[in-house]
Protein chains: 2
Amino acid sequence: MIKLTAQRQAILDTINQSNQHWDAEVLARALSDAGHSIGIATIYRGLTALEDAGLIEAIHLGDKKRYERSDKSHHDHLVCRVCGAIEEFFDAHIEQRQHDVAKQYEFQMDGHQLLIFGTCKQCFNRTKQGEKA
Amino acid sequence: MIKLTAQRQAILDTINQSNQHWDAEVLARALSDAGHSIGIATIYRGLTALEDAGLIEAIHLGDKKRYERSDKSHHDHLVCRVCGAIEEFFDAHIEQRQHDVAKQYEFQMDGHQLLIFGTCKQCFNRTKQGEKA
DNA sequence: ATGCCTGCAAAAGATTTGCACGCCA
DNA sequence: TGGCGTGCAAATCTTTTGCAGGCAT
């Protein structure tokens, strides 16, 4: 159904060729740097279209929406409050229990989002060094 | 530390006397209806102050921030995509596994947010009726 | 007097929309 | 020719900030 125009292809390629979690702004800059100057509105519309088509995935993180490849298996996210890094994880127990909970509440679950906030290993170590100094 | 002015008291009372998940806009309207016309900026600043003081809790739901009472035990949320209703649940297994995951990734966890999306019982039943008709 | 709180209006950041134009079936 | 996609600018929505008082200590 979706029409993969040059702009949308560029957006999709950029996202697919990385493991990053892109927001519209950063993506626009990256595309521009790569020689594709795409209007920001087109990027927003393209991201929405690609998401609807299931070609990319979105997570709503705090104030902005981020997009990532959809050709990975399902996972959730560890978000570092210090550097903003996002690590991915998957836990079958948690997935299972979510379905159990939904069933218990007679809730037709169709998705979920689990964010674990904290400090990543790198930032934690850096901070410890800072305290020692 | 926090100064509980008349405005902040009104905000806090409104939240404490309900089980709702308030956003700034709705809260402003409710306060206005109750005879407290509080500037929107004051509401935002008050909510932030109350949250920092631990008197209320915040969840970032999609595009806006919602606040709820903090004198309840920890829980996560089931969010109905149809009517927007928010149900609460708690699952010790999920909580435990989150800590396990964090440890495994050497991640200093300091919080989390789990949202389960779908259709609540009421909306599901309503839809089924609609389909039958 | 000093500092924190308020209200208004303006600013900010993210996202959406109106509109005219262009492309391709 | 008609419909969809694009780009620009303007509009929108949520939240923050600057600034001039005000209240309480």
Side-chain angles (χ1 to χ4, degrees), chain A residues 1-15 20-68 79 81 84 86 113 115, chain B residues 1-15 20-68 79 81 84 86 113 115:
Chain A
M1 326 276 113
I2 189 183
K3 197 177 292 184
L4 268 189
T5 62
Q7 288 89 335
R8 292 179 178 177
Q9 191 66 63
I11 293 171
L12 184 56
D13 288 348
T14 302
I15 294 175
Q20 283 182 243
H21 298 75
W22 302 86
D23 64 46
E25 196 66 30
V26 172
L27 183 59
R29 202 155 33 238
L31 286 165
S32 170
D33 290 351
H36 306 273
S37 285
I38 304 180
I40 189 69
T42 301
I43 293 186
Y44 276 105
R45 283 188 278 230
L47 286 170
T48 303
L50 292 168
E51 183 191 359
D52 288 348
L55 297 174
I56 57 177
E57 293 216 335
I59 58 170
H60 219 129
L61 186 51
D63 48 345
K64 59 178 67 173
K65 214 168 172 181
R66 313 285 202 103
Y67 294 87
E68 62 178 317
V79 182
R81 291 196 205 262
I86 301 177
Q113 176 175 296
L115 299 172
Chain B
M1 326 275 110
I2 189 182
K3 196 176 290 183
L4 268 189
T5 61
Q7 286 89 335
R8 292 180 177 177
Q9 191 67 61
I11 293 172
L12 184 56
D13 287 349
T14 301
I15 294 175
Q20 282 183 244
H21 298 75
W22 301 86
D23 64 46
E25 197 66 28
V26 172
L27 184 59
R29 202 156 31 239
L31 285 165
S32 170
D33 289 351
H36 305 274
S37 285
I38 303 180
I40 190 69
T42 301
I43 292 185
Y44 276 105
R45 283 189 278 231
L47 286 170
T48 303
L50 291 168
E51 183 191 358
D52 288 348
L55 297 175
I56 57 178
E57 294 215 335
I59 58 169
H60 220 128
L61 184 50
D63 47 343
K64 58 179 66 175
K65 214 169 174 181
R66 312 284 202 103
Y67 294 87
E68 61 179 318
V79 182
R81 292 197 204 261
I86 302 176
Q113 175 177 298
L115 300 173

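Side-chain atoms are counted along with the backbone in the values below, which use heavy atoms only and exclude waters and symmetry mates. Proteins get letters first, then strands, A, B, ... in listed order; numbering begins at 1 in each.
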message: Let me check the geometry of the helix from C/dA1-D/dT25 to C/dA25-D/dT1. What is the bend angle between the axes at its two ends, five pairs each, to 10°?
response: 10°
message: Let's see if you get this right: which residues in residues 38-51 of chain B place a heavy atom under 4.0 Å from DNA chain D?
response: B/A41, B/Y44, B/R45
query: Once you round it to whole Å, what is the distance between P of D/dG5 and CG of A/L4?
result: 10 Å
task: Please state how far atom CD1 in A/I2 lies from atom P in D/dC4, giving the value in whole angstrom units.
output: 14 Å
query: What is the distance from atom CD of B/E68 to atom CD1 of B/I86, rounded to the nearest 0.5 Å?
result: 8.0 Å
query: Considering heavy-atom distances to DNA chain D, does A/K3 or B/H60 have its closest nucleotide positioned more toward the 5' end?
result: A/K3
field: Span of DNA chain C in contact with chain A (heavy atoms, under 4.0 Å)
entry: C/dA14 to C/dG18
message: With a 4.0 Å limit, can you tell me whether A/T5 has a side-chain N or O closer than that to the phosphate oxygens OP1/OP2 of D/dT6?
response: yes
message: Counting C-beta onward and ignoring hydrogens, is there a side-chain heavy-atom pair between A/L115 and B/L115 closer than 4.5 Å?
response: no
query: Would you say the side-chain atoms of A/Q113 pair up with the backbone N or O of A/I59, donor to acceptor, closer than 3.5 Å?
result: no
- prompt: Whole-Å distance between D/dT14 P and A/K65 NZ?
  reply: 15 Å
message: For the CZ atom of B/R45 and the CZ atom of B/R8, what is their distance to the nearest 0.5 Å?
response: 9.0 Å
task: Can you measure from CD1 (A/I11) to CG (A/L27) and round to the nearest 0.5 angstrom?
output: 6.0 Å
Separation of A/I2 CD1 from A/L50 CG (nearest 0.5 Å): 4.5 Å
message: Rounded to whole Å, how long is the line connecting atom CZ of B/R66 with atom C1' of D/dC13?
response: 15 Å
query: Below 4.5 Å, heavy atoms only, C-beta onward: do B/H21 and B/L61 meet side chain to side chain?
result: no
- prompt: Ignoring hydrogens and geometry, is there a side-chain-to-backbone donor-acceptor pair from A/T48 to A/Y44 under 3.5 Å?
  reply: yes
query: Could you give the distance from CG (A/L12) to CG (A/L55), rounded to the nearest 0.5 Å?
result: 5.5 Å
- line: Atom CZ of B/R8 and atom C1' of D/dA24 are separated, to the nearest Å, by 14 Å
- request: Give a yes or no answer on whether the side chain of A/Q7 reaches the backbone of A/T42 with a donor-acceptor pair at less than 3.5 Å.
  value: no
- request: Would you indicate what A/Q7 reaches in the nucleic acid, counting non-hydrogen atoms under 4.0 angstrom: base, sugar-phosphate, or nothing?
  value: sugar-phosphate
query: What is the distance from atom CG of A/L47 to atom OH of A/Y67, rounded to the nearest 0.5 Å?
result: 5.0 Å
